[in-house]
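A quick write-up on the structure given underneath.
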2 protein chains.
Amino acid sequence: MSLPRAKLVKNFPGCPVEATLSFLDGKWKGVILFHLMQGTLRFNELRRKLPAVTQRMLTKQLRELEESGLVSRTVYPVVPPRVEYKMTPLGTTLKPVILALAAWGEEHVFCSPEAASEGFEACATALQS
Amino acid sequence: MSLPRAKLVKNFPGCPVEATLSFLDGKWKGVILFHLMQGTLRFNELRRKLPAVTQRMLTKQLRELEESGLVSRTVYPVVPPRVEYKMTPLGTTLKPVILALAAWGEEHVFCSPEAASEGFEACATALQS
DNA sequence: ATCGACAGTATCCTTTTTGGTACTACGTAC
DNA sequence: GTACGTAGTACCAAAAAGGATACTGTCGAT
């Protein structure tokens with residue numbers, strides 16, 4: 001049973017915790033969802049909010065979120081391209097979970113000053129709500 | 001309280017959501033915490049609760065949980081060995097988070113029986129609400 | 001004529017994570 | 001004297017995840 005985590009839910013009998021985590025698994029999904037929780041965003045808007053993620057990674061994470069039904073992707077056939085990412089109704093049901101995660105992080109996780117001065121504050125500032 | 005600061009400084013992407021997720025990252029941490037939430041467990045008790053995890057993986061995940069301060073490991077110098085795993089005070093502060101994860105999983109994640117019997121492929125599906 | 005914004009792909013490479021199997025030591029029970 | 005339960009290690013291989021860089025095409029502005 002060497003399958004990616006996202007497909008392994010059956011391996012956790014009676015454990016919905018891992019089931020939920022499998023939807024959030026991926027280096028940037030948590031932040032992405034947090035930002036989308038606050039409103040629809042275009043691809044590059046999201047990119048600017050996550051300066052450390054590469055284009056390739058952002059695309060990949062978004063596609064996975066789309067595939068799992070948490071985020072919708074709407075392409076407007078215009079030039080230049082316009083693509084909007086938005087939480088689906090299912091995605092919004094995750095809000096309490098994300099808020100719980102954020103609350104715990106804020107209370108128990110401390111960010112070193114070095115990390116903050118190295119360009120990560122863009123993520124941190126958007127997290128107030 | 002022992003703060004997992006060293007680890008955080010290295011891995012903290014700058015977002016409290018991701019920060020919290022980084023503590024839960026690892027294929028089995030969610031389930032492990034879920035079980036330990038219900039009480040202290042010995043190594044092999046935990047193993048029996050997670051039939052699919054190998055000894056090596058279980059050890060590894062437990063050591064990581066210990067290192068991040070969520071779980072404590074107590075060795076009793078007896079023969080045969082007796083090692084007890086237990087949530088730390090910091091670990092118990094995660095309870096609301098774990099419960100939120102569990103609640104969402106129970107409400108939105110389903111595993112189709114056919115897929116389950118065929119193997120483990122893609123049996124996790126989220127239902128639109 | 002060239003540049004940048006837009007939303008990505010394609011290709012290659014490195015790192016991290018996970019899995020499989022075998023092995024340890026000690027004591028007790030059969 | 002052989003197996004079982006305890007709590008792990010050590011070693012090797014496979015798989016998955018993540019990163020770096022370069023490239024696409026159209027348009028509007030400079």
Side-chain angles (χ1 to χ4, degrees), chain A residues 1-9 11-12 18 21-32 36 40-68 71-86 119, chain B residues 7 10-13 18 21-32 36 40-68 71-86 119-122 124:
Chain A
M1 55 202 87
S2 326
L3 284 172
R5 196 184 187 193
K7 296 181 179 172
L8 272 172
V9 172
N11 277 349
F12 314 109
E18 276 297 331
L21 283 176
S22 75
F23 282 82
L24 302 175
D25 195 36
K27 197 163 171 186
W28 308 97
K29 294 215 187 102
V31 220
I32 291 173
L36 288 182
T40 300
L41 287 172
R42 297 178 57 175
F43 185 81
N44 275 6
E45 285 174 339
L46 213 36
R47 253 189 103 186
R48 280 187 287 269
K49 286 188 187 281
L50 308 172
V53 68
T54 65
Q55 219 166 4
R56 182 185 161 283
M57 262 302 128
L58 184 53
T59 303
K60 214 186 140 219
Q61 302 290 291
L62 284 168
R63 291 295 147 84
E64 286 175 20
L65 286 169
E66 193 193 354
E67 202 187 340
S68 55
V71 163
S72 69
R73 176 171 174 268
T74 312
V75 182
Y76 296 90
V78 295
V79 166
R82 176 184 191 85
V83 178
E84 282 184 357
Y85 291 92
K86 195 188 169 197
Chain B
K7 198 193 172 193
K10 279 186 296 180
N11 298 343
F12 190 21
E18 280 299 330
L21 284 176
S22 78
F23 281 80
L24 303 175
D25 197 35
K27 199 165 171 183
W28 309 96
K29 295 213 187 107
V31 223
I32 292 173
L36 288 182
T40 300
L41 287 173
R42 298 178 56 176
F43 185 80
N44 274 6
E45 285 174 339
L46 215 35
R47 253 190 102 186
R48 281 187 287 267
K49 286 189 186 279
L50 308 172
V53 68
T54 64
Q55 217 165 6
R56 184 185 158 284
M57 263 300 126
L58 184 54
T59 303
K60 214 188 140 219
Q61 302 289 290
L62 284 168
R63 292 293 147 85
E64 286 175 20
L65 286 169
E66 193 194 354
E67 201 189 341
S68 55
V71 163
S72 69
R73 175 170 174 269
T74 313
V75 182
Y76 297 90
V78 296
V79 166
R82 176 185 190 84
V83 179
E84 282 183 356
Y85 291 93
K86 195 187 168 198
F120 296 100
E121 262 162 90

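This one's a predicted model, so the numbers in the text were calculated from it and none came from an experiment. Naming convention: chains lettered A, B, ... in sequence-line order (proteins, then strands); numbering from 1 in each chain.
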Restricting both atoms to N or O, compile the protein contacts to nucleotides 4-8 of chain C shorter than 3.5 Å, with distance only.
residue: C/dC6; atom: OP2; partner: A/N44; partner atom: ND2; Å: 3.2
residue: C/dC6; atom: OP2; partner: A/R48; partner atom: NH1; Å: 3.2
residue: C/dC6; atom: O3'; partner: A/R42; partner atom: NH2; Å: 3.1
residue: C/dC6; atom: O3'; partner: A/P81; partner atom: O; Å: 3.0
residue: C/dA7; atom: OP1; partner: A/R42; partner atom: NE; Å: 2.9
residue: C/dA7; atom: OP1; partner: A/R42; partner atom: NH2; Å: 3.0
residue: C/dA7; atom: OP1; partner: A/V83; partner atom: N; Å: 3.3
residue: C/dA7; atom: OP2; partner: A/N44; partner atom: N; Å: 3.1
residue: C/dA7; atom: N7; partner: A/Q55; partner atom: NE2; Å: 3.2
residue: C/dG8; atom: OP1; partner: A/R63; partner atom: NH2; Å: 2.8
residue: C/dG8; atom: OP1; partner: A/R73; partner atom: NE; Å: 3.2
residue: C/dG8; atom: OP1; partner: A/R73; partner atom: NH2; Å: 2.4
residue: C/dG8; atom: OP2; partner: A/Y85; partner atom: OH; Å: 2.8
residue: C/dG8; atom: N7; partner: A/Q55; partner atom: OE1; Å: 3.1
residue: C/dG8; atom: N7; partner: A/Q55; partner atom: NE2; Å: 2.4
residue: C/dG8; atom: O6; partner: A/Q55; partner atom: OE1; Å: 3.0

Can you measure [X] atom [atom1] to [N] atom [atom2] for me and round it to whole angstrom units?
X: B/L46; N: D/dG5; atom1: CG; atom2: P; value: 18 Å
X: B/K27; N: C/dT16; atom1: NZ; atom2: P; value: 19 Å
X: A/L58; N: D/dG19; atom1: CG; atom2: P; value: 12 Å
X: B/M57; N: D/dA16; atom1: CE; atom2: P; value: 14 Å
X: A/K60; N: C/dT9; atom1: NZ; atom2: C1'; value: 14 Å
X: A/D25; N: C/dT16; atom1: CG; atom2: P; value: 16 Å

- Query: Under 4.0 Å: is that the gap between some side-chain N or O of A/W28 and OP1 or OP2 of D/dA17?
  - Reply: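 Answer no for this pair, as no side-chain N or O of A/W28 is under 4.0 Å from OP1 or OP2.
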
- Looking at A/Q61, does any N or O in its side chain come under 4.0 Å of the phosphate oxygens OP1/OP2 on D/dA17?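 No, outside the criterion.
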
Would you please name every residue forming a side chain to side chain donor-acceptor pair (under 3.5 Å) with [X], sequence neighbours left out?
X: B/K60; answer: none
X: B/Q61; answer: none
X: B/R73; answer: B/Y85

- Message: The criterion is salt bridge (Lys or Arg N to Asp or Glu O under 4.0 Å); which residues satisfy it with B/R82, sequence neighbours excluded?
- Response: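 With sequence neighbours excluded, B/R82 shows a salt bridge (Lys or Arg N to Asp or Glu O under 4.0 Å) to B/E84, given in chain and number order.
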
- Item | Donor-acceptor pair present, B/R56 side chain and D/dG8 base, under 3.5 Å |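 No such pair is found, so the answer is no.
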
- Task: Return the minimal non-hydrogen interatomic distance between A/L65 and A/F23, and the atom names on each side.
- Result: CD2-O, 4.3 Å

- Message: I'd like to know whether B/V53 forms a side-chain contact (heavy atoms from CB on, under 4.5 Å) with B/V31, so could you lay out the CA-CA distance, the side-chain angles of the two residues, the decisive distance to 0.1 Å, and finally the verdict.
- Response: CA-CA 11 Å; B/V53 68; B/V31 223; over 6 Å; no

